[in-house]
Amino acid sequence: MNIEHDLKIKIAEALYALYNITISPESIQLTETRKEFEGDFTLVVFPFIKESRLSPEETGKSIGEYISNNFNTLANFNVVKGFLNLGLSDGQWLEYFNEVGYLNKFILKVKGNDSIVKNVMVEYSSPNTNKPLHLGHVRNNLLGYSVAEILKEAGNSVKKANLINDRGIHICKSMLAWQRWGNGETPDSSGLKGDHLVGKYYVKFDKEYKKEIEELMKNGLNEDEAKKQAPVIIDAQEMLIKWEQGDSSVMELWKTMNGWVYEGFDATYKKLGVDFDKIYYESQTYLLGKAIVEEGLQKGIFYKKEDGSVWVDLTEDGLDEKLLLRGDGTSVYITQDLGTAALRFEEYPNLDQLIYVVGNEQEYHFKVLKLIFKKLGKPWWDGLYHLSYGMVNLPSGKMKSREGTVVDADELIEEMVNTSRDTTLALGKVEDFTMEQAEKLFYKLGMGALKYYILKVDAKKTMLFNPAESIDFNGNTGPFIQYTYARICSVIRKAEKLDGLKSFRQQSVLLDRPMMQKEKDILRHVFQFPNIVHGAATELSPSIVANYVYELAKLFNTFYHDCPIADAEKVNTSLFRLQLSNIAGQTIKECMRLMGIKVPEQM
RNA sequence: GGUCCCAUAGCUCAACCGGAUAGAGCAUCAGUUUUCUAAACUGACGGUUACAAGUUCGAGUCUUGUUGGGAUCACCA
């Protein structure tokens with residue numbers, strides 16, 4: 001069942017019969033006809049005029065005539081300049097429609113003839129355990145989750161992975177600060193969420209560190225020297241060495257504080273509705289990274305400097321020299337990435353692609369990572385893919401944790417739910433709800449607004465978030481689409497109480513009148529769904545799904561406004577419109593699910 | 001400085017591998033309710049797609065240059 005594909009096959013046949021042009025149906029450019037012209041699909045004929053040796057108009061006309069004469073799918077066609085607009089017959093539309101609507105078989109798998117099932121791992125979230133999640137992480141989490149779901153929908157086998165960055169100098173910083181200035185404070189004693197408590201000490205460290213640098217600079221040191229010689233940073237470095245040596249008191253502190261953070265993260269993940277099939281901890285993989293470094297040294301691909309630090313020279317490839325291991329033997333950021341990647345391909349030998357959902361500020365890092373594996377001769381090096389997304393900026397510019405301008409994830413979620421509660425109560429939508437039902441709804445709507453707001457923007461692009469203006473609930477928003485779904489449910493609920501319409505799902509529809517444009521618009525759009533999922537999976541882009549489902553919701557609302565559904569003048573019309581509403585609703589629900597957004601049946 | 005990315009309506013974003021008269025939402029203004037949910041619908045206003053050349057049937061999209069903004073090139077992660 002693929003209308004476009006069927007039509008493309010016919011066009012290909014026409015091109016061959018008329019002009020002896022051999023072209024695969026997939027490579028034919030077919031678009032939905034713009035509303036200002038008559039027709040359903042449009043073929044741009046310019047690419048064929050060289051072979052046809054006719055004007056664009058005449059070429060279009062011939063192709064149209066050929067299809068019209070040889071197949072019974074076309075109701076009409078017209079040519080405007082170089083554009084051939086093809087109108088499918090109502091009978092053809094209904095045939096497709098009954099296949100989908102009547103059988104109610106709407107789990108539209110998108111497996112095309114050419115698609116091969118791939119084994120994919122999507123790594124996303126990947127937080128540091130020294131501070132709570134902020135808006136940037138939210139974008140990461142939503143993107144990663146959605147991309148994974150879209151890939152699954154397109155028929156791939158997908159594993160979601162999270163790599164917890166639980167060790168390193170930054171973790172030692174918050175540990176040191178807590179040890180020194182914490183007075184034994186715990187989440188219980190302070191009432192702070194664990195990740196926020198630890199984050200507080202990370203900030204504290206930075207403050208003290210800055211103070212010391214200032215002192216040293218007053219005493220005549222330059223900035224670089226001061227940064228290296230500040231006692232507090234030296235202590236943190238010592239702590240890192242102790243950690244790598246497995247010092248028991250350091251390990252104990254580390255375990256305790258990370259435990260607090262995990263509790264906090266779990267709560268946030270739960271609220272965001274994201275999940276993982278596999279969790280990696282950097283503390284368990286960084287040693288593998290050291291082994292890779294050793295391997296590279298043996299192979300002569302890496303080299304050691306006098307101070308013991310290990311480097312790789314990538315200048316031939318247009319990059320720089322890159323540090324892989326510090327002089328004191330401790331590992332850096334990329335060390336563990338080397339280890340984790342290798343581990344994953346060992347654990348999952350059939351893995352075709354490893355997608356890293358990581359911000360575009362790390363493009364250089366992933367270029368280096370991939371290149372190193374290529375040099376090491378790992379056969380899977382080309383399967384590494386950096387899904388690089390843009391930053392979330394504030395009107396004042398970049399979010400900076402040190403300057404306290406970050407938008408905290410937990411606070412943001414809470415605000416969204418609060419706004420949703422206020423709006424919904426003001427509209428009087430939940431008068432027949434229990435308290436519990438109402439709270440569930442507020443949460444669904446608040447998160448729907450947030451998720452849609454973030455996912456509708458092309459992942460690659462930098463986006464702007466203005467905390468002063470709360471995220472909208474009207475117009476091109478999550479709640480608008482959720483509302484459309486709730487409306488559909490409401491109509492269906494009412495219709496199912498009527499004798500003649502009760503079993504509309506089980507009835508095949510014979511329409512005894514021409515299909516109306518607004519009905520056809522919805523059908524046409526719904527049938528795009530497989531293409532949309534396929535495209536979104538190829539591009540790894542949830543925004544394609546977001547734009548699509550918004551358009552569908554708009555089409556439905558116009559239709560809903562103009563056409564009576566359950567109480568149309570004829571039963572046949574009601575049956576048809578109910579089924580139409582039903583598949584539109586299911587499509588909306590499925591799209592929203594791909595973005596991790598829940599849809600309410602009443603709001 | 002080297003490398004890379006971005007620039008579309010007052011604001012936030014679209015534009016399906018180069019296709020028809022560049023579309024939505026917000027904001028502003030004017031309408032729509034005895035009829036299935038007005039978080040909706042209809043209309044108006046709003047553009048030299050940063051600028052300048054080039055490529056061709058055709059450019060927001062591709063090439064080059066200019067201007068403006070961002071990222072990155074750490075013994076940070």
Side-chain angles (χ1 to χ4, degrees), chain A residues 29 31-34 36-37 42 44-47 49 56 80-83 85 128 130 165 168-171 173 228 237 282 305 307-311 318-328 330 332-334 336 359-365 367-368 388 390-391 393 395 397-398 420 423-424 426-427 429 445 449 453 456-458 460-466 469 472-477 479-484 486-495 528 531-532 535 539 543-544 546-548 550-551 553-554 557-558 560-568 574 577 581 602-603:
Chain A
Q29 210 184 121
T31 55
E32 279 189 76
T33 303
R34 296 184 155 226
E36 55 266 41
F37 300 98
T42 297
V44 183
V45 302
F46 288 108
I49 57 175
V80 182
K81 292 195 258 178
F83 301 87
N85 300 316
N128 296 333
N130 62 346
N165 212 268
I169 188 71
H170 54 301
I171 310 296
K173 286 178 182 175
K228 280 181 192 162
Q237 282 159 353
E282 187 186 316
K305 284 193 180 171
D307 61 0
S309 57
V310 179
W311 298 74
L319 306 177
D320 295 288
E321 292 183 331
K322 181 86 184 169
L323 175 87
L324 302 176
L325 211 57
R326 291 197 188 98
D328 65 5
T330 58
V332 288
Y333 181 52
I334 200 164
Q336 60 80 25
N360 61 12
E361 56 194 354
Q362 293 193 37
E363 275 169 8
Y364 181 77
H365 172 79
K367 229 183 249 179
V368 170
S388 163
M391 300 288 98
N393 285 339
K398 212 182 157 177
S420 151
T423 313
T424 308
L427 288 168
K429 296 278 187 181
L445 297 180
Y453 178 84
K456 77 170 175 178
V457 180
D458 185 351
K460 284 175 297 208
K461 293 194 177 168
T462 305
M463 64 177 287
L464 192 111
F465 175 80
N466 190 346
E469 305 166 8
D472 239 305
F473 282 67
N474 298 319
N476 187 357
T477 66
F480 166 78
I481 298 161
Q482 291 170 314
Y483 174 70
T484 309
R487 265 182 154 180
I488 291 171
C489 291
S490 172
V491 180
I492 290 176
R493 266 197 307 273
K494 291 204 166 130
Q528 287 295 324
N531 293 336
I532 293 299
E539 304 287 322
S543 70
I544 292 175
N547 290 330
Y548 166 79
Y550 171 61
E551 194 60 38
K554 263 204 306 189
N557 277 320
T558 311
Y560 178 93
H561 183 265
D562 294 357
C563 309
I565 297 168
D567 51 358
S574 279
R577 288 181 179 167
S581 304
Q602 191 186 336
M603 70 183 266

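Below, all heavy atoms of this structure are taken into account, side chains as well, without hydrogens, waters or symmetry copies. Chain A is the first sequence line, chain B the second, and so forth, proteins listed ahead of strands; every chain is numbered from 1.
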Quick one: classify the glycosidic conformation of B:C17 as syn or anti, with syn meaning within 90° of 0. syn
From CD of A:Glu363 over to P of B:A71, roughly how many Å is that when rounded to an integer? 13 Å
When the distance from NE2 of A:His561 to P of B:G31 is rounded to whole Å, what number comes out? 16 Å
Over all strands shown, is A:Leu319 touching base, sugar-phosphate only, or nothing at heavy-atom distances under 4.0 angstrom? nothing
Would you mind classifying the nucleic acid contact of A:Ser388 as base, sugar-phosphate or nothing, using non-hydrogen atoms under 4.0 angstrom? nothing
Donor-acceptor pair, distance only, cut-off 3.5 Å: does the side chain of A:Ser490 make one with the backbone of A:Ala486? no
Check this one for me: any side-chain N or O of A:Tyr364 less than 4.0 Å away from OP1 or OP2 of B:U72? no
Are any protein N/O atoms closer than 3.5 Å to N/O atoms in nucleotides 11-19 of chain B? If there are, list each pair with its distance.
unit_1: B:C13; atom_1: OP1; unit_2: A:Leu464; atom_2: N; d: 2.7
unit_1: B:A14; atom_1: OP1; unit_2: A:Asp458; atom_2: N; d: 2.7
unit_1: B:A14; atom_1: OP2; unit_2: A:Lys461; atom_2: NZ; d: 3.2

Quick one: closest heavy-atom pair of A:Lys460 and A:Asn360, and the distance? O-ND2, 4.5 Å
Under 4.0 Å, counting only non-hydrogen atoms across every strand here, what does A:Thr484 touch: a base, just sugar-phosphate, or nothing? nothing
Scan A:Cys489 against the nucleic acid and name what it touches under 4.0 Å (heavy atoms): base, sugar-phosphate only, or nothing. nothing
Remember a base hit wins even if backbone is also touched, and classify A:Phe473 as base, sugar-phosphate or nothing at under 4.0 Å, heavy atoms. base
Name the nucleic acid region contacted by A:Gly168, choosing base, sugar-phosphate or nothing; use a 4.0 angstrom heavy-atom cut-off, strictly under. nothing
If you measure from the P atom in B:U72 to the same atom in B:C26, how many Å do you get, rounded? 36 Å
Under 4.0 Å between a side-chain N or O of A:Arg487 and OP1 or OP2 of B:A38? yes
Look at the side-chain N and O atoms of A:Thr558 and state whether any lies under 4.0 Å from the OP1 or OP2 oxygen of B:C41. no
Can you tell me the distance, in whole Å, between the CD atom of A:Gln237 and the P atom of B:A74? 18 Å
Can you tell me how far P of B:A39 sits from OH of A:Tyr560, to the nearest Å? 11 Å
Could you give the CG-to-C1' distance, from A:Asn557 to B:G25, as a whole number of Å? 14 Å
Determine the interatomic distance between C1' on B:G18 and the same-named atom on B:U49; round to the nearest Å. 15 Å
Can a side chain N or O of A:Lys367 be found less than 4.0 Å away from OP1 or OP2 on B:U72? no
Interatomic distance at P, B:A7 relative to B:A50, whole Å: 8 Å
Please give, in whole Å, the distance from B:A40 P to A:Gln482 CD? 12 Å
Whole-Å C1' distance, B:G60 and B:U8: 7 Å
Sticking with atom C1', work out how far B:G68 lies from B:C51, rounded to a whole angstrom. 11 Å
Inter-nucleotide P distance (B:G69, B:U64), Å rounded: 22 Å
Round to a whole Å and report the spacing from CG of A:Asn393 to C1' of B:A71. 11 Å
Side-chain N or O of A:Arg493 less than 4.0 angstrom from OP1 or OP2 on B:C36? no
In whole Å, I'd like the distance from the NZ atom of A:Lys398 to the C1' atom of B:C5. 14 Å
Sugar-phosphate only, base, or nothing, as touched by A:Ile169 at under 4.0 Å among non-hydrogen atoms: sugar-phosphate
Test for a donor-acceptor pair under 3.5 Å between the base of B:A39 and the side chain of A:Thr477, counting only N and O atoms. no
Distance test, side-chain N/O of A:Lys429 to OP1/OP2 of B:A39, below 4.0 Å: yes
Considering only atom C1', compute the distance from B:U12 to B:G31 and round it to an integer number of Å. 26 Å
Between A:Ala566 and A:Ser574, which heavy-atom pair has the shortest distance, and what is it? O-OG, 3.1 Å
Does A:Lys81 put a side-chain nitrogen or oxygen below 4.0 Å from OP1 or OP2 of B:U21? yes
Sidechain-backbone polar pair: A:Thr424 side chain, A:Ser420 backbone, donor-acceptor under 3.5 Å: yes
Distance check, P atoms only: B:U55 and B:G43, in whole angstrom units. 41 Å
Reckon A:Ala495 touches a base, only the sugar-phosphate, or nothing at all at heavy-atom distances under 4.0 Å? nothing
